[in-house]
Amino acid sequence: MSVVKCLEHDYGDFKIAIHNWEILDHGVTAFLGPSGSGKSSVIRHLLGLEKSDQLQWYWTEGAEQVDLASMPIRDRRLGVVFQNGELFPHMTAKQNIEFAADAAVVSRGANRSEVAASVGRLIQDLSLERATETLAVNLSGGERQRVALARALVGRPRLILLDEPFSALDAELRRDVRAMVFRVLAEHKIPALLVTHDPEDLVGLQGKLTRIQDGRIVEDRSMAITTEGGRG
Amino acid sequence: MSRLSRALVFLLFLAPYVFSLIVAQGQMALPEGFLGLVQNSLIQAALSALFAVALGVSIGIGLLGLPRRLRRSTEAAVLVGSFVPSIAWVLMWMVLLPNVRGLTAIVILHAVGASGLIASAVVRKVRTRWAGSLELAMVEGAPRGLTWRLGLLPLLRSDLVTYLLTIFASSLSSFSIPLLMGGAKAWTFEIAIHQAVRVHSAWDQVAALTLWQWVTLTALLFLSRSRMPLRAGAIDHRESRAVEDYGWKPLVLLGVLPVAAVLVVLLSSALRGVQQLETAGLLIDGGELGSALLMSIFVAHFGGLLTAATALFFALSRPSETERRLLSSYVAPSAVITGLMLLLMRAESVSALADALRISVGCALVFAPVLWRMRWHVELSTLERQLEVAEIFGASAKMIVRQILWPQLRPLFYWTWGVATFWSFGDYAIGAVAASRPITLALLSRTLLESYRLEAAAILIAFGLFLGFLSYLFFSNRGERNVGRKMS
């Protein structure tokens with residue numbers, strides 16, 4: 001279990017105030033809220049892209065507890081998938097994944113041969129074999145999100161943050177990509193924080209559900225396997 | 001380290017101002033007739049800005065009325081006018097309207113020079129943002145005049161104010177056109193600074209005028225930049241018929257004719273000059289001409305390289321959004337002060353090579369902020385999200401520079417090198433101050449223009465610009481080719 005404390009930020013016309021929030025260190029924590037409720041701002045604070053002086057984020061690893069909020073961005077060992085993938089457009093799909101693999105080796109001391117093997121495995125797991133040599137700008141929406149996921153997973157992050165990763169996809173593709181993403185996350189045993197405004201994204205998930213409204217948590221409970229509407 | 005690099009770039013650009021304060025030993029005095037100078041400058045800048053925006057919008061409406069292919073080539077032709085160095089415009093004016101000088105000449109030349117960029121921006125904005133609204137207007141049968149008056153112009157208001165402020169600021173500090181077209185009267189602060197140094201050697205006045213100009217321009221440009229959103233909304237890339245219907249083709253002549261006039265005058269004067277060569281000669285020693293050619297090539301390419309390297313150095317040092325905005329708001333340092341600073345820094349070095357180095361450094365100091373504002377600022381903003389992602393994955397600073405920034409900034413680096421080389425080939429303003437004698441083709445041209453040997457000047461201008469254009473094509477293609485290789 002990890003605990004986020006004292007996340008406060010005043011934007012003038014909008015304020016975020018989260019005093020104590022637990023994020024699972026296994027399975028999926030869903031972070032649900034309507035557009036403009038502050039979900040993405042919370043994510044940017046957790047990633048370290050925005051500063052909040054009081055923020056603490058305690059992560060337990062074995063007997064040790066570390067405060068991720070006090071670490072520089074690159075030392076937090078997090079993965080992220082944004083709405084549009086945010087791939088590096090001048091690289092191929094494979095080069096995008098390899099970039100994150102190299103970063104893990106260089107800055108986190110990951111084992112080079114293990115990381116190289118996991119590049120191949122992720123390409124296979126996410127059915128990207130035919131897209132590896134395609135430039136990121138030429139990938140389809142579904143391929144882009146799968147490459148973004150592979151890129152985020154290859155360094156074996158503590159937690160992967162999925163910021164509305166399916167909202168740019170059409171309904172049918174969305175269902176397929178969603179199923180594949182959660183299958184791969186479970187296989188690789190990497191916990192995820194899923195940010196979404198759409199309860200449909202929670203169908204079939206088990207874990208924890210947090211609802212945010214106007215920058216404040218209004219519901220925080222465990223989530224059983226859901227079949228529709230995100231209600232467990 | 002990167003903070004130090006960014007501070008170095010800012011110090012470099014501020015150096016001319018600091019220099020003028022040091023030389024003046026902290027003394028400042030406003031020159032006699034300062035209020036008159038302020039009045040003249042404000043009138044000149046306001047008229048230039050108003051005329052440029054009116055002309056730019058009109059040309060934009062004309063371009064929108066053209067079919068796609070013709071529009072693209074015509075837009076490129078109109079843009080030529082905004083990139084051609086001032087010396088070509090001055091030559092055209094001296095040939096066609098030799099007796100018209102002063103405010104009229106300065107305002108018209110400022111306006112026609114800037115109108116191409118404004119027209120292009122208007123076309124892009126209307127096509128990519130409001131094509132859908134125009135389709136709706138077409139379905140509802142709204143007439144063209146009404147749609148522009150009540151629909152598009154109010155939508156463009158914020159952009160138009162930005163263009164007005166930008167042109168106002170650049171006209172206030174213009175030097176090269178008023179230097180040759182202004183006559184004895186100072187129509188800009190730059191000319192007043194030039195006169196304070198060259199005529200009166202009054203450094204206390206130079207310091208006061210420089211400070212006044214710098215504060216005014218930076219405030220104006222910061223205001224205009226802060227109005228501009230960095231991340232735009234959705235872009236519509238469709239080619240809509242409605243856009244064409246709401247343009248009005250004939251207005252495009254306002255942009256095409258002046259550019260055609262520049263090219264025709266330049267080429268015809270150069271041809272006449274070639275015919276006269278046999279009888280009169282250039283009145284320039286052959287050795288001097290050869291040396292000027294070599295020096296021009298060196299000055300232009302080295303100046304271009306320094307300009308591109310300065311912009312790249314700043315970009316790679318990962319400036320924050322505020323720092324990027326600051327540099328984007330920063331107007332180029334005074335050409336006069338920059339030139340004088342370089343001239344006085346090593347006054348004992350009077351060799352032609354020392355002069356050439358001074359002009360190159362001066363060109364880089366003046367062109368780098370302009371080109372940063374034109375493209376680097378926006379380009380770097382679009383890469384911001386990628387840099388955040390790379391950092392989250394743990395990429396080192398070296399990886400980010402080598403694998404993310406450089407491959408994507410490389411085409412812009414070469415483009416900057418090309419444009420700055422082209423401009424440096426045509427520079428006579430910085431060279432006139434920084435060099436102890438006319439060592440380049442542009443400086444020789446200026447000497448010939450001042451003695452009304454227009455045909456001879458045209459030969460040198462045309463030749464210099466031709467070389468500059470070839471260099472621009474070479475560097476632009478090089479940037480594109482590198483991208484192509486990477487992507488194939």
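Keep in mind that this is a model prediction, so the values were computed, not measured. Just the heavy atoms: all of them, side chains too, but no hydrogens, waters or symmetry mates, feed the values below.
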S.K.: Residue by residue, which of residues 111-130 of chain A have a heavy atom closer than 4.5 Å to a heavy atom belonging to chain B?
M.R.: none
S.K.: Hey, is E8(A) close enough to K15(A) for a salt bridge, meaning N to O under 4.0 Å?
M.R.: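 Salt bridge between E8(A) and K15(A), a charged N being under 4.0 Å from a carboxylate O: no.
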S.K.: When only heavy atoms count and the cut-off is under 4.5 Å, which of residues 141-157 of chain A reach chain B?
M.R.: R151(A), A152(A)
S.K.: Does any part of the side chain of Q386(B), heavy atoms only, come nearer than 4.5 Å to the side chain of E391(B), both counted from C-beta?
M.R.: no
S.K.: So how far is it from L371(B) CG to L412(B) CG, rounded to the nearest 0.5 Å?
M.R.: 9.0 Å
S.K.: Taking the ring of F474(B) and the ring of Y414(B), is the distance between their centroids below 6.0 Å?
M.R.: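 Y414(B) vs F474(B): aromatic centres not under 6.0 Å.
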S.K.: Step through it carefully: locate the ring centre of W21(A), locate the ring centre of F31(A), and say whether they are under 6.0 Å apart.
M.R.: yes
S.K.: Could you look at N138(A) and say if it's the side chain, the backbone, both or neither that has a heavy atom under 4.5 Å from chain B?
M.R.: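 Nothing of N138(A), per the 4.5 Å heavy-atom cut-off to chain B.
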S.K.: For the ring pair W415(B) and F475(B), is the centre-to-centre distance below 6.0 Å?
M.R.: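 Ring centres of F475(B) and W415(B) not closer than 6.0 Å.
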S.K.: Are there more than 12 heavy atoms of other residues, nucleotides or ligands under 6.0 Å from atom CZ of F83(B)?
M.R.: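 Yes, because the 6.0 Å sphere around CZ of F83(B) holds more than 12 heavy atoms from other groups.
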S.K.: Between the side chains of R174(A) and D198(A), is the shortest nitrogen-to-carboxylate-oxygen separation below 4.0 Å, so that they form an ion pair?
M.R.: yes
S.K.: Counting only non-hydrogen atoms closer than 4.5 Å, can you tell me which residues of residues 75-88 of chain A sit against chain B?
M.R.: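 When heavy atoms of chain B are the reference, residues 75-88 of chain A contributes L78(A), G79(A), V80(A), F82(A), E86(A), L87(A), F88(A) within the under-4.5 Å range.
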S.K.: Less than 4.5 Å apart, side chain to side chain, heavy atoms only: is that true for S120(B) and L79(B)?
M.R.: yes
S.K.: Just do the side-chain hydrogen bond (donor to acceptor under 3.5 Å, both in side chains) check on W417(B) and T307(B) with the steps written out, would you?
M.R.: CA-CA 7 Å; W417(B) 193 349; T307(B) 308; over 6 Å; no
S.K.: Just by distance, no angles: are the side chains of H197(A) and S167(A) close enough, under 3.5 Å, to form a donor-acceptor pair?
M.R.: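 Note: H197(A) and S167(A) side chains miss the donor-acceptor criterion.
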S.K.: When the ring planes of W57(A) and W59(A) are compared, do they come out parallel, tilted or perpendicular, using 30° and 60° as the limits?
M.R.: perpendicular
S.K.: Find the one option among L383(B), V389(B), I400(B) whose heavy-atom pairs under 4.5 Å with chain A are most numerous.
M.R.: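 Between L383(B), V389(B), I400(B), the count favours V389(B).
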S.K.: Can you tell which part of I73(A) gets under 4.5 Å to a heavy atom of chain B, answering side chain, backbone, both or neither?
M.R.: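 Its backbone and side chain both get close to chain B.
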S.K.: Name the residue from F413(B), W372(B), F13(B) that meets the ring pair (Phe, Tyr, Trp, His ring centres under 6.0 Å) definition with F314(B).
M.R.: W372(B)
S.K.: Would you say that more than 12 heavy atoms from the other residues, nucleotides or ligands in this model lie under 6.0 Å from the CD of Q65(A), or not?
M.R.: yes
S.K.: What residue in P72(A), A104(A), S107(A) has the most heavy-atom pairs under 4.5 Å with chain B?
M.R.: S107(A)
S.K.: Enumerate the residue pairs fulfilling salt bridge (Lys or Arg N to Asp or Glu O under 4.0 Å) with a member in residues 41-58 of chain A, sequence neighbours excluded, ordered by first and then second residue.
M.R.: R44(A)-E50(A), R44(A)-E388(B)
